[in-house]
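Notes follow the structure.
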2 protein chains.
Amino acid sequence: MLLINQLSKQTSIPIHTIRFYEKTGLFQGKKNPEKKSNNYNYYDEETIEKLELIGAAKMIGFTLAEIKELIEVWYSKQISKKDKIEILNQKAASIDEKIKQLKQVKKQIDLFIKEVEEFDC
Amino acid sequence: MLLINQLSKQTSIPIHTIRFYEKTGLFQGKKNPEKKSNNYNYYDEETIEKLELIGAAKMIGFTLAEIKELIEVWYSKQISKKDKIEILNQKAASIDEKIKQLKQVKKQIDLFIKEVEEFDC
DNA sequence: GGCAACATTAGACTATACTTCATACTTCAT
DNA sequence: ATGAAGTATGAAGTATAGTCTAATGTTGCC
């Protein structure tokens, strides 16, 4: 179990940002019941996974609200198999859509580069 | 030449947003020198193009600052061919990078869907 | 000439995602 | 035991990207 400082170092995510994510409900640290003198939060390996997922999902344009939903599906034991698969398929589809859009714009930029190379002398 | 209302209708971008983009420096309307009684802004076809570019670039996660740079390259007559190509290549590379990341996450989600389908009964 | 529909500006307000600050407590090395 | 470093909490501040309001002026049509 890691303290927030270690967690930050292992994920390269600033402490303040981690706290912000925690407050947003993306995950929760656990208090140590044996140590009642402090109320430090302890984080498990799953939290590292979650932070990595957050990083990846953010990079591709998901909002924290969407990521929260994704995490809930990913780790929930309560959500039915059917619902899980549906939400995951939705996310997968939205990623495909984004890839399509990116390729479209890439093509346009490549064309424009050619244009510049040939005519704009 | 279009007034802002027409521009908004043709691009499906709200008037307020168009004004915001203009204030941000993504493009500029022109005053009509023959009509000195008002100071309405008139927009040309190029502005429609630019707004479409903004829409596409935003969709793939470019910030307005990046888009501004892209538009400046796209339409500037002052920037050298070499610089234009360099900036465009940078944007193209960042799109490739994003596509790579998206594919990565897509793969992870697909794997997880399989996992859920097989084991989480 | 009067009224609806459109235009402009400045400024206030919102949401998202942080980021910093202030205060106060805890742990650890010397 | 004391000071540096780490932790918690709440609240304020920042940046980006809008979105809305108010006050005021303009145009077009009956």
Side-chain angles (χ1 to χ4, degrees), chain A residues 1-44 47-48 50-72 94 98, chain B residues 1-44 47 50-71 94 98:
Chain A
M1 297 289 268
L2 310 162
L3 284 173
I4 196 155
N5 191 27
Q6 261 111 35
L7 189 58
S8 169
K9 269 169 195 151
Q10 285 202 28
T11 58
S12 306
I13 295 172
I15 288 181
H16 283 302
T17 307
I18 292 175
R19 283 205 228 275
F20 172 73
Y21 289 158
E22 185 166 9
K23 214 174 59 185
T24 309
L26 298 183
F27 54 81
Q28 265 163 262
K30 289 164 196 66
K31 305 290 177 187
N32 189 344
E34 275 136 54
K35 279 231 169 183
K36 280 178 183 164
S37 58
N38 69 26
N39 64 339
Y40 291 6
N41 275 314
Y42 293 84
Y43 303 92
D44 52 18
T47 308
I48 296 178
K50 284 178 185 174
L51 282 170
E52 276 160 5
L53 171 63
I54 292 167
K58 267 179 50 60
M59 208 105 73
I60 62 173
F62 281 9
T63 64
L64 292 186
E66 287 174 310
I67 295 169
K68 191 179 170 188
E69 194 190 23
L70 199 52
I71 286 178
E72 270 158 16
S94 82
K98 251 171 212 165
Chain B
M1 299 288 267
L2 309 162
L3 284 172
I4 196 157
N5 192 28
Q6 259 111 37
L7 189 59
S8 169
K9 269 168 194 154
Q10 285 202 29
T11 59
S12 307
I13 295 172
I15 288 180
H16 282 303
T17 307
I18 292 176
R19 283 205 226 274
F20 172 72
Y21 289 159
E22 187 167 7
K23 214 173 61 186
T24 308
L26 298 183
F27 54 82
Q28 264 163 264
K30 290 162 194 68
K31 305 292 177 186
N32 188 343
E34 275 134 54
K35 279 230 171 186
K36 281 179 182 164
S37 58
N38 70 27
N39 65 338
Y40 291 6
N41 275 312
Y42 293 84
Y43 303 92
D44 53 19
T47 308
K50 285 178 185 174
L51 282 170
E52 276 159 5
L53 172 63
I54 293 167
K58 268 179 50 59
M59 209 104 73
I60 63 173
F62 281 9
T63 65
L64 291 186
E66 287 174 309
I67 295 169
K68 192 179 168 186
E69 194 189 23
L70 199 52
I71 285 178
S94 82
K98 252 172 213 165

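With no hydrogens or angles considered, a side-chain donor-acceptor pair links Asp44(B) and Thr47(B) at under 3.5 Å.
Note: CG (Asn32(B)) to P (dC6(C)) measures 19 Å, nearest angstrom. Between Tyr40(A) atom OH and dT9(D) atom P the separation is 11 Å, expressed in whole Å. Here dG18(D) presents its C1' atom at 9 Å from CG of Leu64(B), a figure rounded to the nearest Å. Straight-line distance from the CG atom of Asn39(A) to the P atom of dG10(D): 11 Å, rounded to whole Å. Rounded to whole angstrom, the span from the CZ atom of Arg19(A) across to the P atom of dT9(D) amounts to 8 Å. In this structure, Phe20(B) atom CZ and dT8(C) atom P are separated by 17 Å, rounded to whole Å. Between the CD atom of Gln6(A) and the P atom of dA5(D) there is a distance of 16 Å, given to the nearest Å. Rounded to an integer number of Å, the gap from NE2 of His16(B) to C1' of dA12(C) is 12 Å.
No more than 12 heavy atoms of other residues, nucleotides or ligands lie within 6.0 Å of CD in Gln28(B), so this atom counts as exposed by the packing criterion.
Across the interface with DNA chain D, nearest-nucleotide mapping of Lys58(B) and Ile15(A) shows Ile15(A) to be the residue nearer the 5′ end. Between Lys23(A) and Leu3(A), the residue anchored closer to the 5' end of DNA chain D is Leu3(A), taking for each the nucleotide with the nearest heavy atom.
In this structure a side-chain-to-backbone donor-acceptor pair under 3.5 Å is present from Lys98(B) to Ile60(B). A donor-acceptor pair under 3.5 Å links the side-chain atoms of Thr24(B) to the main chain of Phe20(B), judged by distance alone.
Ranking dA7(C), dT19(C), dT9(D) by closeness to the Lys31(A) side chain, first place goes to dT9(D).
Note on Thr17(A): every side-chain N or O is 4.0 Å or more away from OP1 and OP2 of dA17(C). The side chain of Asn38(B) places no N or O atom within less than 4.0 Å of a non-bridging phosphate oxygen (OP1 or OP2) of dT8(C).
Shortest non-hydrogen contact noted between Phe27(B) and Glu22(B) is O-CG, 3.4 Å.
Nucleic acid contact class of Thr63(A) (heavy atoms, under 4.0 Å, all strands): sugar-phosphate only.
Across all strands shown, dA23(D) forms a Watson-Crick or G-U wobble pair, both distances under 3.5 Å, with dT8(C). In this structure, dA29(C) forms a base pair with dT2(D), meeting either the Watson-Crick or the G-U wobble geometry with both donor-acceptor distances under 3.5 Å.
Between the side chain of Tyr21(B) and the base of dG18(D), no donor-acceptor pair of N or O atoms lies under 3.5 Å.
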